[in-house]
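Index from 1, following the sequence. These numbers come from a predicted model, not from an experiment.
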Amino acid sequence: QFLYLIAAQKGGMHDRVSTMAGRGAFVLAACAAAASAEDFMWGTATASYQIEGATRRGGRGVSIWDTFCTQPPYKCHLNQTGEPGDDSYDLYDTDAQLLQDLGLKAYRMSLAWPRILPDGKTVNPEGIAHYKKVFASLKARGVQPLVTLYHWDMPQAVYDATRGGWLNATVTEYFMTYAAAVFEAFHEDAAWWLTFNEPLTFCRQGYGTGTHAPGRCSDRAQCPAGGDSSTEPYLCAHNVLRSHALAVDLFRSKGYPGKIGITLNTDYAVPASDDPEDAAAAERHLVFSAAWYADPVWTGDYPAAMRHRLGARLPAFTAAESQMLKGSWDFYGLNHYSTNWVKAGGSSDDGALQSAVNPYNGTRIGKQAASPWLHVVPWGLGGMLRWVAARYGNPPIYVTENGCDVPNESSLPLPEALHDTFRVDFYKGYTASLLEAKDAGVDVRGYFAWSLMDNFEWADGYTFRFGIHYVDYDSPNFTRYQKDSAKWYADFVKQHQ
């Protein structure tokens with residue numbers, strides 16, 4: 001039903017190729033109800049485990065990431081953990097001031113499940129009181145929170161009780177206890193909610209490769225605790241989607257004011273050649289990355305392409321679950337960082353080989369950031385936004401994460417690190433791509449830079465820095481410094497509000 005644009009690249013130059021999807025076509029610009037400049041959300045983002053610290057204070061319980069980073073086979077860099085993070089548990093007022101200093105009116109944050117329900121069952125009053133103070137600090141500065149319920153830090157008690165966390169259907173009961181407590185406590189403090197952050201990542205890497213908590217996979221040398229990489233990522237995703245639907249249903253049935261959705265991470269995929277097999281592989285890769293989760297939320301079931309390739313490995317929803325899932329969104333949350341060439345083949349479930357270097361002509365798709373998986377490809381964001389708009393009827397889209405780490409930034413002297421021209425150029429390119437898609441009719445309504453400040457980057461520890469504020473981890477006060485990217489972003493937002 002939509003005319004959408006796919007970015008196709010040849011020899012370093014990219015062309016836009018019109019493709020028909022379904023029957024009929026119309027230009028997105030003719031139908032989009034795009035947000036006005038005044039309504040557009042410009043903000044930054046963080047996550048509780050990455051910035052809070054205080055993992056043993058305020059009644060907080062142990063999370064699966066505390067366990068993953070501190071027990072064999074020690075998969076976190078230098079055995080680092082979310083303690084101390086950026087000490088935002090104590091410095092939340094300082095962080096709110098950073099937002100106000102930049103003129104930002106929106107902040108994406110997450111709540112720590114083990115701080116709210118340490119044992120998975122009993123509400124911790126200290127945890128509720130802490131986040132009440134955080135919300136009050138934001139409100140005093142005119143900053144609206146976009147709150148994520150689950151950004152990967154499941155209580156270890158829940159993981160143990162369910163014998164595998166997201167693998168067991170009973171996990172939904174624990175998640176609903178958590179969601180109910182949060183909505184009741186904070187429905188007057190926040191009007192924008194996300195149920196889950198990047199289930200693609202925590203299901204694949206937590207239960208497929210074993211490189212994230214809880215560290216399960218088929219390779220016993222890497223995952224001595226167990227796992228089955230061929231089935232467990234799909235079980236994880238299934239129970240996440242069931243939990244999402246139940247949480248949205250609860251939110252709506254209680255009549256809480258506000259909007260709710262889920263945020264999905266997707267790197268854009270570009271055919272590595274003109275071969276139709278490569279084009280099909282690129283599309284299939286996007287289906288296995290984004291539509292795996294978004295199709296059930298929009299249509300009530302998994303994509304047919306996944307069912308065809310996976311067979312019985314892909315669980316089935318009951319009729320009631322399908323009905324509850326369908327329409328369990330008020331907007332589409334998109335995390336986007338990079339883009340890859342895709343060639344048909346390989347042994348992965350989607351039959352697609354990804355690479356930053358074109359396998360046919362050696363063209364690199366973009367500049368390499370510090371993280372090996374991240375390449376700077378600004379037009380990929382526009383391509384991803386158009387893909388979402390085309391597949392799901394041009395829903396309101398909020399880019400809930402976008403950013404980069406600068407090569408060698410952690411080894412630079414502070415004055416040099418603050419002059420992060422690489423990151424400034426990244427944001428210039430990606431925000432231009434976003435505005436171009438918006439002007440073309442894609443209903444994109446918000447953008448959140450990742451991240452407000454440097455933080456704990458999961459298994460990479462504190463090696464890579466994604467912040468627009470530099471955090472001095474050697475300072476007793478974890479001093480924050482504005483980088484040039486923060487100043488650029490503040491000026492940019494001022495011009496576009």
Side-chain angles (χ1 to χ4, degrees), residues 1-22 25 27-29 32 34 200 263-276 278-294 332-343 350 352-358 363-367 369 373-404 426-447:
Q1 296 179 341
F2 300 94
L3 176 67
Y4 66 101
L5 303 176
I6 299 176
Q9 183 147 340
K10 293 182 180 180
M13 297 291 291
H14 74 275
D15 306 311
R16 289 193 173 152
V17 182
S18 299
T19 305
M20 297 300 296
V27 180
L28 291 173
L200 176 70
T263 203
L264 308 175
N265 61 300
T266 315
D267 288 344
Y268 195 48
V270 181
S273 75
D274 291 332
D275 188 331
D278 288 347
E283 177 66 13
R284 198 163 54 243
H285 179 72
L286 291 173
V287 167
F288 269 72
S289 299
W292 178 6
Y293 296 92
Y332 190 112
L334 172 67
N335 288 0
H336 174 81
Y337 289 88
S338 193
T339 295
N340 287 299
W341 299 112
V342 175
K343 179 182 184 295
D350 62 4
L353 292 167
Q354 301 176 75
S355 177
V357 177
N358 190 296
T363 302
R364 181 170 289 276
I365 202 161
K367 290 182 179 180
W373 54 267
L374 206 168
H375 291 76
V376 182
V377 189
W379 50 265
L381 174 57
M384 197 64 234
L385 290 168
R386 289 172 169 84
W387 188 90
V388 171
R391 191 174 181 95
Y392 300 110
N394 204 19
I397 304 172
Y398 291 81
V399 178
T400 45
E401 285 183 26
N402 179 241
C404 73
F426 177 97
Y427 281 124
K428 285 180 179 178
Y430 277 78
T431 53
S433 184
L434 176 140
L435 291 176
E436 182 183 348
K438 183 175 181 291
D439 289 344
V442 176
D443 192 9
V444 57
R445 302 188 184 188
Y447 176 90

I'd like to know if the side chain of Tyr430 and the backbone of Tyr337 have a donor-acceptor N/O pair within less than 3.5 Å. yes
If you compare all heavy atoms of Ala352 against all heavy atoms of Ala281, which two are closest, and at what distance to 0.1 Å? CB-O, 3.7 Å
I need the minimum non-hydrogen distance between Tyr427 and Thr431, along with the two atoms involved. O-OG1, 2.5 Å
From Leu381 atom CG to Ser433 atom OG, the distance as rounded to the nearest 0.5 Å: 5.0 Å
Using a 4.5 Å cut-off on heavy atoms from C-beta on, say whether the side chain of Val287 contacts that of Arg391. yes
Tell me the closest heavy-atom pair linking Thr363 and Trp341, and the distance in Å. O-NE1, 3.0 Å
Nearest-0.5 Å distance, CD1 of residue Ile397 to NZ of residue Lys438: 12.0 Å
With sequence neighbours left out, write down each residue that passes side chain to side chain contact (heavy atoms under 4.5 Å, CB included) with Ala437, or none if nothing qualifies. Leu385, Arg386, Val442
Partners meeting ring pair (Phe, Tyr, Trp, His ring centres under 6.0 Å) with Tyr398 (sequence neighbours left out): Trp192, Phe331
Strictly distance-based, threshold 3.5 Å: is any side-chain N or O of Asn394 a donor or acceptor partner for the main-chain N or O of Gly441? yes
With sequence neighbours excluded, tell me which residues meet side chain to side chain contact (heavy atoms under 4.5 Å, CB included) with Ala356. Asn340, Arg364, Ile365, His375
Go through the structure and list residues passing side-chain hydrogen bond (donor to acceptor under 3.5 Å, both in side chains) with Asn265, not counting sequence neighbours. Thr201
Leu434 side, atom CG; Asn402 side, atom CG - distance, nearest 0.5 Å: 8.5 Å
Any side-chain heavy atom of Leu264 sitting closer than 4.5 Å to one from Trp292? no
Might you point out which heavy atoms bring Ala389 and Pro395 nearest each other, and give the distance in Å? CA-CD, 4.3 Å
Give a yes or no answer on whether the side chain of Asp350 reaches the backbone of Arg284 with a donor-acceptor pair at less than 3.5 Å. no
Please report the interatomic distance CD(Glu401) to NE2(His336), rounded to the nearest 0.5 Å. 12.5 Å
With a 4.5 Å cut-off on side-chain heavy atoms, are Thr339 and Met384 touching? no
With sequence neighbours left out, write down each residue that passes side-chain hydrogen bond (donor to acceptor under 3.5 Å, both in side chains) with Thr263, or none if nothing qualifies. Asn335, Thr400
Is it the case that the side chain of Asp267 and the backbone of Ser338 share a donor-acceptor pair, with hydrogens and angles ignored and the cut-off at 3.5 Å? yes
Can you find a heavy atom in the side chain of Glu436 that is under 4.5 Å from one in the side chain of Trp379? no
side-chain hydrogen bond (donor to acceptor under 3.5 Å, both in side chains) partners of Tyr293, counting only residues at least two apart: none
For Ala282 versus Ala269, what's the shortest heavy-atom pair and its separation? O-CB, 3.6 Å
Could you walk me through whether Val342 and Asp278 pass side chain to side chain contact (heavy atoms under 4.5 Å, CB included), step by step? CA-CA 6 Å; Val342 175; Asp278 288 347; over 6 Å; no
Is any side-chain heavy atom of Tyr392 closer than 4.5 Å to one of Trp387? yes
